[in-house]
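Single-structure report; data block below.
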Amino acid sequence: MLETFLFQFTSMFTMINPVAAIPIYIALTEAMTPKAARWVAMRASITAFIALCVFALLGEAIFSFFSISVNGLRVAGGILFFVMGYEMLRGRTVPKRVDGETDGDFGSDVAVTPLGIPMIAGPGAITMVILTNQASTGPGSSISMYVAIFVVCVLTAIVLASGRQLLAKLGRSGSKILMRLMGLIVMLIAVEFFFAGIKPYVIDIARAI
């Protein structure tokens with residue numbers, strides 16, 4: 001069981017890649033207090049944990065009922081991230097904060113989307129938990145998968161909080177430069193998401209011609 005857990009953990013951690021979520025997390029929590037930012041990291045990780053567990057149990061049935069595919073999620077996520085990256089290059093964040101909105105209210109929104117879903121619990125991670133659950137050989141394998149999801153989400157919260165500490169050391173000018181650099185990185189991630197999702201559709205169209 002330990003060997004199964006280690007395999008599931010390493011695969012899940014690599015697929016989720018919490019380091020890739022740091023740019024968006026930093027941009028969205030730039031104006032927040034350290035305590036509020038840590039709360040966002042924790043809330044995003046909890047959201048991702050719940051989402052991945054739900055998809056592990058019901059993902060195949062949900063996709064089948066709505067006649068959707070993971071590739072569609074990749075395309076939608078790619079478009080969302082590209083818009084966010086573009087706004088970050090301009091020194092702005094998406095979603096935008098409403099006048100008078102508290103750190104708690106804004107943090108609750110961004111912790112769910114885009115941080116929790118689809119940044120942490122992204123198309124790759126969702127596909128992996130669905131396939132892992134299908135390939136489960138018994139209760140032990142299923143339990144280790146949920147434990148692996150939990151551990152990875154806890155580590156993701158720690159990684160995000162550590163990334164936020166980097167921002168505090170850079171100062172205001174450094175944070176602005178970092179935000180624009182991160183915007184470019186987010187746009188590159190978006191392109192990878194988009195074309196990974198649209199490629200199967202293009203292949204199907206080419207075969208049909």
Side-chain angles (χ1 to χ4, degrees), residues 7-25 27-28 44-45 47-90 92-96 109-137 141-142 145-146 148-149 152-153 156 180-209:
F7 173 76
Q8 293 171 340
F9 168 76
T10 54
S11 300
M12 195 79 60
F13 188 84
T14 303
M15 184 61 68
I16 289 179
N17 188 14
V19 176
I22 291 178
I24 295 177
Y25 171 73
L28 293 173
S45 297
T47 299
F49 173 74
I50 294 174
L52 290 175
C53 288
V54 169
F55 276 109
L57 287 171
L58 306 172
E60 188 177 7
I62 293 173
F63 284 1
S64 176
F65 180 79
F66 289 103
S67 298
I68 57 177
S69 68
V70 176
N71 293 319
L73 185 59
R74 287 193 179 101
V75 173
I79 295 173
L80 173 64
F81 292 152
F82 190 88
V83 173
M84 291 186 61
Y86 177 72
E87 291 296 328
M88 289 166 66
L89 278 175
R90 300 174 61 196
R92 304 175 181 177
T93 59
V94 176
K96 293 179 173 60
D109 291 339
V110 300
V112 176
T113 303
L115 279 175
I117 307 169
M119 192 67 236
I120 300 174
I126 290 173
T127 302
M128 176 172 289
V129 296
I130 293 174
L131 294 178
T132 301
N133 191 55
Q134 289 178 345
S136 176
T137 55
S141 179
S142 296
M145 180 189 67
Y146 292 113
I149 294 173
V152 169
C153 287
T156 297
R180 284 163 174 77
L181 178 62
M182 293 301 189
L184 179 61
I185 295 174
V186 171
M187 291 177 73
L188 295 176
I189 294 174
V191 171
E192 294 292 336
F193 261 60
F194 181 82
F195 282 102
I198 206 170
K199 182 178 178 180
Y201 293 112
V202 175
I203 293 175
D204 289 341
I205 293 173
R207 288 174 177 172
I209 297 176

What heavy-atom pair brings [X] and [Y] nearest, and what distance separates the two atoms?
X: Phe63; Y: Ile130; value: CE2-CD1, 4.2 Å
X: Gly116; Y: Ala48; value: O-CB, 3.8 Å
X: Ala125; Y: Ile120; value: CB-O, 4.2 Å
X: Phe49; Y: Tyr146; value: CE1-O, 4.0 Å
X: Val75; Y: Gly197; value: CG2-C, 3.7 Å
X: Gln8; Y: Ser141; value: NE2-O, 3.4 Å

Atom [atom1] of [X] and atom [atom2] of [Y]: how far apart are they, to the nearest 0.5 Å?
X: Ile50; Y: Ser45; atom1: CD1; atom2: OG; answer: 11.0 Å
X: Phe13; Y: Thr156; atom1: CZ; atom2: OG1; answer: 6.5 Å
X: Ile149; Y: Phe9; atom1: CD1; atom2: CZ; answer: 12.5 Å
X: Tyr25; Y: Leu115; atom1: OH; atom2: CG; answer: 8.5 Å
X: Met119; Y: Ile24; atom1: CE; atom2: CD1; answer: 5.0 Å

- Message: Checking Val129 against Met12 for the side-chain contact (heavy atoms from CB on, under 4.5 Å) test, could you report, in this order, the C-alpha distance in whole Å, the side-chain angles of both residues, the deciding distance, and whether it holds?
- Response: CA-CA 8 Å; Val129 296; Met12 195 79 60; 3.6 Å; yes

- Message: The test is side-chain contact (heavy atoms from CB on, under 4.5 Å); show your working for Ile126 and Leu52 and say whether it passes.
- Response: CA-CA 6 Å; Ile126 290 173; Leu52 290 175; 4.2 Å; yes

- Spell out, as yes or no, whether a donor-acceptor pair under 3.5 Å connects the side chain of Ser64 to the backbone of Glu60. no

- Query: Would you find a donor on one side and an acceptor on the other, under 3.5 Å apart, between the side chain of Thr10 and the backbone of Phe7?
  - Reply: yes

